[in-house]
Structures are given as structure tokens and as C-alpha cells.
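First the proteins, then the strands, lettered A, B, ... as listed; each starts at 1.
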Protein chains: 2
Amino acid sequence: MPAPRVTEGRVDDRRTAGRRSGDRRAGQSVPPATVARLPGYLRALEATASQGAVLTSSDELAARAGVTPAQLRKDLSFLGSYGRRGVGYDVGHLREQITVVLGLADVRRVIVVGVGNLGHALANYAGIAERGFALVGLVDADPAVVGSTVAGLVVEPADDLRGVVSRTGATIAVLTTPAAVAQQVCDELVAAGVVGILTFAPGALRVPPHVDVRAVDVASELQILAFHDRARSADGGAS
Amino acid sequence: MPAPRVTEGRVDDRRTAGRRSGDRRAGQSVPPATVARLPGYLRALEATASQGAVLTSSDELAARAGVTPAQLRKDLSFLGSYGRRGVGYDVGHLREQITVVLGLADVRRVIVVGVGNLGHALANYAGIAERGFALVGLVDADPAVVGSTVAGLVVEPADDLRGVVSRTGATIAVLTTPAAVAQQVCDELVAAGVVGILTFAPGALRVPPHVDVRAVDVASELQILAFHDRARSADGGAS
DNA sequence: TAGATTGTTAATCGATTAACAATC
DNA sequence: TAGATTGTTAATCGATTAACAATC
């Protein structure tokens with residue numbers, strides 16, 4: 001393993017000092033569009049590493065991640081200078097840096113609220129545990145589901161949502177309840193201290209500014225695909 | 001029902017003529033960011049309609065959709081002039097317009113490839129049928145799953161993916177296979193004539209320019225939430 | 001040294017916001 | 001008419017792209 005020129009943890013860039021805590025500058029200065037692409041870069045790095053490569057280039061990594069090399073370099077430049085001109089990037093080192101920036105150095109505790117078909121599938125989704133998240137609780141309102149074991153956890157009643165959050169220390173919640181109750185459940189999650197919510201319920205959620213919401217809406221995605229399908233078929237097979 | 005001032009189908013705006021087919025201008029001129037918000041507006045309109053309202057305003061609609069009134073009006077302006085100054089928007093009329101623009105006036109045929117936990121949940125997802133999509137096929141590579149009935153359809157073998165696409169006339173596919181085979185399945189879908197793919201498999205898919213891909217990556221979403229969680233906890237409870 | 005590849009700069013592009021004239 | 005609300009304009013902001021100097 002080649003010694004990286006830059007010692008780990010060394011303060012080598014004015015934007016992203018090596019301090020793990022107390023440093024909010026990275027959080028403030030990495031553009032949202034860049035943050036959203038970092039998980040893809042991390043995945044690409046893992047694929048590269050699994051093939052035994054120690055060095056990689058912006059060309060290779062960008063191809064794997066499905067972006068342009070220019071965009072990849074620009075994105076990485078917000079994190080610091082972790083490559084070497086004329087050489088490329090150290091796979092393991094860059095991987096660690098992105099892991100730290102994304103906040104994956106510590107385990108984040110996740111609960112799933114709503115254990116229907118989708119919640120069940122997500123609770124069993126291997127990607128959650130594989131990527132440094134700990135599934136620590138399952139909650140559902142249906143008495144027929146409460147008490148059953150899913151993904152190694154006993155489903156707890158929605159009544160006790162607050163208790164589950166505080167006992168488990170969950171900071172992130174996956175929301176798969178019906179749309180009709182999503183806002184109410186969301187409010188309870190926020191009151192209980194959750195700061196990140198991944199919702200699969202259609203419709204906008206209102207949250208205070210310190211809470212982050214990511215929404216996945218399957219029906220919306222299909223509708224967006226329909227738009228392009230229409231635009232395409234509208235030319236009557238021309239082209 | 002109040003007669004809308006603008007007759008349906010009338011060519012009343014230079015950008016979006018009323019022609020249903022042969023008109024590619026809307027597809028070319030509506031910005032992607034706007035297209036991505038249209039499903040949310042449609043949902044907001046449906047909620048408004050279900051409460052019996054016939055008229056609405058950009059203020060009300062924007063609040064429901066979780067955007068600013070200025071953004072809503074700007075977005076709608078790309079579709080045409082469907083409101084009335086001083087009055088607001090006719091709920092039913094606007095709903096129809098957005099439905100047409102999104103290509104939901106015709107039923108789009110959808111297949112699900114990969115009937116594991118997630119594929120199973122999505123096949124049973126009511127939102128698909130409710131929003132003008134027809135689930136017309138299920139495909140899986142696992143012999144233990146092939147032949148079983150899910151959501152009223154018999155799961156067909158992955159060998160016959162092309163046949164399923166051509167027999168059903170599916171133009172949109174939902175992809176929930178393991179990441180390792182996603183690109184290969186994607187290639188087959190494209191070869192069979194699918195033009196829209198909603199993938200839940202992590203990793204970038206390479207497709208020709210005429211094919212549209214929307215990617216939902218649950219692990220990435222959680223990692224993005226972790227970034228903000230970190231940025232928040234990094235200030236040591238300050239603020 | 002010569003070749004390679006990063007990190008950064010500047011230009012372009014697209015999206016958002018705010019304000020207001022048009023007009024119902 | 002007076003009040004209300006749209007549709008549009010212009011300004012701002014953020015993201016992407018391309019090119020290249022820095023430097024390994």
C-alpha cells in the first residue's frame with residue numbers, strides 16, 4: 001500500500017480541515033448537488049477497490065459513476081485536494097475521505113415507520129446495514145402487524161413512536177405510511193428528535209428548518225417517464 | 001361546472017398548442033426541473049378537487065405542493081396560460097392540462113423486472129394503477145418465483161424478457177434486480193423497445209439517448225441524510 | 001525531461017426569486 | 001371602479017462545462 005503524500009487527518013486544505021467534530025465548514029460549503037453525487041462516487045470507489053486497484057483517475061471513476069471527469073474533479077475539489085496531479089487518486093484514501101464527509105464514519109440509527117409491503121421490503125434491504133446504518137426500530141399502526149418480527153426486530157405500536165425513537169436514539173426515519181397520516185407521523189418524528197426523514201409517501205411534508213427530508217415518490221417518477229414517453233411517441237415514429 | 005374561458009384543445013399559446021400528437025414543442029420547451037414538479041401539482045390539484053373546490057390560486061396550490069407561489073406560476077407558464085388574472089385557476093381544467101402534458105391521457109404499460117421483496121411491493125403498489133399506468137408484466141430470474149401469481153399476474157422467466165416486452169407492448173420498466181445484473185437487464189429492455197426505466201438498483205445505467213432513466217437509490221438517500229445529520233451533530237449541540 | 005492528470009478558473013447554462021404590469 | 005391574482009420580466013443564484021496552468 002503506497003503511503004499517501006498527505007497524512008490522514010492532516011489539515012491540508014483551507015475548506016475541509018481534518019477536525020471530525022466542531023467543523024461545520026464542510027457542511028456549509030459543499031454544494032447540495034455535489035453532496036447528492038457523493039454516494040455514487042463512494043460506490044464507484046468500492047467497485048474499483050474490489051477489483052484490486054489502488055489508484056484510479058477522474059476518467060475511470062467518472063465513467064463508473066456516470067458523470068463527466070470534469071464534474072467529478074469539480075465535486076471532489078469541494079472536499080479538498082485528495083488527488084495527485086499526473087498520478088490520480090488513491091482509492092482507499094479517497095474512499096475514507098468521502099466516508100467521513102458523508103458522516104458515515106459513525107453509525108446512524110434508523111427506524112422504519114410503516115411496515116406494509118414497502119416497509120417490509122426496506123427493512124430487509126441489505127444496503128442499509130451494508131452502508132453503515134443500523135436498523136434499530138420498526139413501528140406500525142396495524143395491530144395485526146405489531147408484535148411480529150421483521151428483519152430481526154419486533155414491530156412496535158405507533159402509539160409508542162416517541163418512546164421508540166428516544167429509546168433507540170434513532171436520528172433518521174424511513175416513512176412508508178399511507179399519505180393520509182404521513183404529516184402527522186412526521187410531526188411526531190420531529191418532536192421525538194429525528195433530524196432526517198426519507199419518505200415514500202406522496203405529498204409534501206412540512207418540517208422545521210433543522211430537519212432534512214428526502215422524498216421518493218414512485219408514482220411521480222413514473223409520470224416523469226411518461227412525459228418523455230409521450231414526447232417521443234408524439235412525433236409519430238419520425239426520426 | 002363553470003365554462004372555462006379557453007375552450008379545451010384550442011390553440012391559445014404559442015408554446016403549447018392543443019394538438020395531441022405531432023406536437024413536440026412542449027416536450028422540448030418545458031424545463032426538466034419543471035417537469036419533475038408537475039406530478040406534485042397534479043396531486044395537489046386532486047386534493048383540492050376532492051374537497052369540492054372548483055377554483056384555486058397559486059398561493060393555495062403552491063402551499064399544498066410545497067413550493068413558492070412564484071415558482072408554481074413560473075412552472076405553469078411553460079405549459080400555457082391556464083389561469084385567469086384576478087381569479088385563479090379552474091381546478092378541473094388545469095388538472096386536465098397537466099395530465100395531457102405529462103402524457104397521462106393515454107395508458108402507459110409498465111413491467112416490473114425483479115420480483116423480490118421490493119418488486120413485490122411495487123407490483124402491489126396501488127399508486128401505479130391509480131395514476132393511469134397499467135401493470136402488464138412481471139419477470140424474474142428465480143425459478144422459485146417464476147410461475148407464481150403476484151398482483152394478479154403470473155411471473156414470467158427472465159429468459160423471455162424480450163418476449164414479454166413485445167407481447168405486452170410495455171414502454172416503461174421498473175427495475176429491481178440485483179445491481180450485478182442491472183446493466184445487462186437494462187440492455188435487454190432497451191433492445192426490446194422500452195423507452196423509460198425506473199431503476200432501484202444502485203449504480204449508473206448506460207442507455208442510448210432516446211431512453212430515459214430515473215434512478216431511486218435508497219442507500220444514497222440515507223447517505224445524503226447522514227451528511228446533514230453529521231453537519232448538525234458536528235456543532236456539538238451549539239446553535 | 002516528457003507525459004499525464006489534477007485542481008482551478010472563467011464562461012456558459014439553467015433554475016429560482018422577486019417585483020410588477022396586465023387584466024380579470 | 002377597486003381589489004385580486006396571474007403571467008412575465010429582470011435580477012440573482014447555483015450548477016455545469018471546458019480549458020489549461022500547476023505539478024506530479
Just wondering, do L94(B) and L61(B) contact through their side chains at under 4.5 Å, heavy atoms? yes

Contact summary for A44(A) and R64(A), nearest pair of heavy atoms: O-CD, 3.6 Å

Is there a side-chain contact between Y41(A) and L72(A) in this structure, where contact means two heavy atoms from C-beta onward sitting under 4.5 Å apart? yes

Just the dot-bracket of DNA chain D, please: which string comes out with Watson-Crick or G-U pairs under 3.5 Å, [ ] for crossing, | for another strand? ..||||||||||||||||||||||

Side-chain contact test, heavy atoms from C-beta onward, threshold under 4.5 Å: evaluate it for I224(A) versus R214(B) and give yes or no. yes

Do you know which two heavy atoms are closest between L198(A) and E221(B), and how far apart they sit? CD1-CB, 3.7 Å

Between the side chains of T171(B) and R108(B), is a donor N or O closer than 3.5 angstrom to an acceptor N or O? no

Would you say that V195(A) contacts H210(A) through its side chain, given a criterion of any heavy-atom pair below 4.5 Å between the two side chains? yes

Does R37(B) CZ have over 12 foreign heavy atoms under 6.0 Å away? yes

For salt bridge (Lys or Arg N to Asp or Glu O under 4.0 Å), just list the numbers for E46(B) and R131(B), CA-CA rounded to whole Å, side-chain angles, deciding distance to a tenth of an Å, and then say yes or no. CA-CA 11 Å; E46(B) 283 159 7; R131(B) 287 165 187 276; 3.7 Å; yes

Could you pull out the protein-nucleic contacts involving nucleotides 4-6 of chain D (nitrogen or oxygen on both sides, under 3.5 Å)?
{"residue": "dT5(D)", "atom": "O4'", "partner": "G86(B)", "partner atom": "N", "Å": "3.2"}
{"residue": "dT5(D)", "atom": "O2", "partner": "G86(B)", "partner atom": "N", "Å": "3.0"}
{"residue": "dT6(D)", "atom": "OP1", "partner": "S58(B)", "partner atom": "N", "Å": "2.6"}
{"residue": "dT6(D)", "atom": "OP2", "partner": "S58(B)", "partner atom": "OG", "Å": "2.5"}
{"residue": "dT6(D)", "atom": "O2", "partner": "R85(B)", "partner atom": "NH1", "Å": "3.2"}

For nucleotides 12-18 of chain C, give me one character per nucleotide, 5' to 3': B if any protein heavy atom sits under 4.0 Å from the base, S if the only such contacts are to the sugar-phosphate, - if neither. ---SSBB

Is it the case that the side chains of Q183(A) and D187(A) hold a donor-acceptor pair, with the cut-off being a distance below 3.5 Å and no angle test? yes

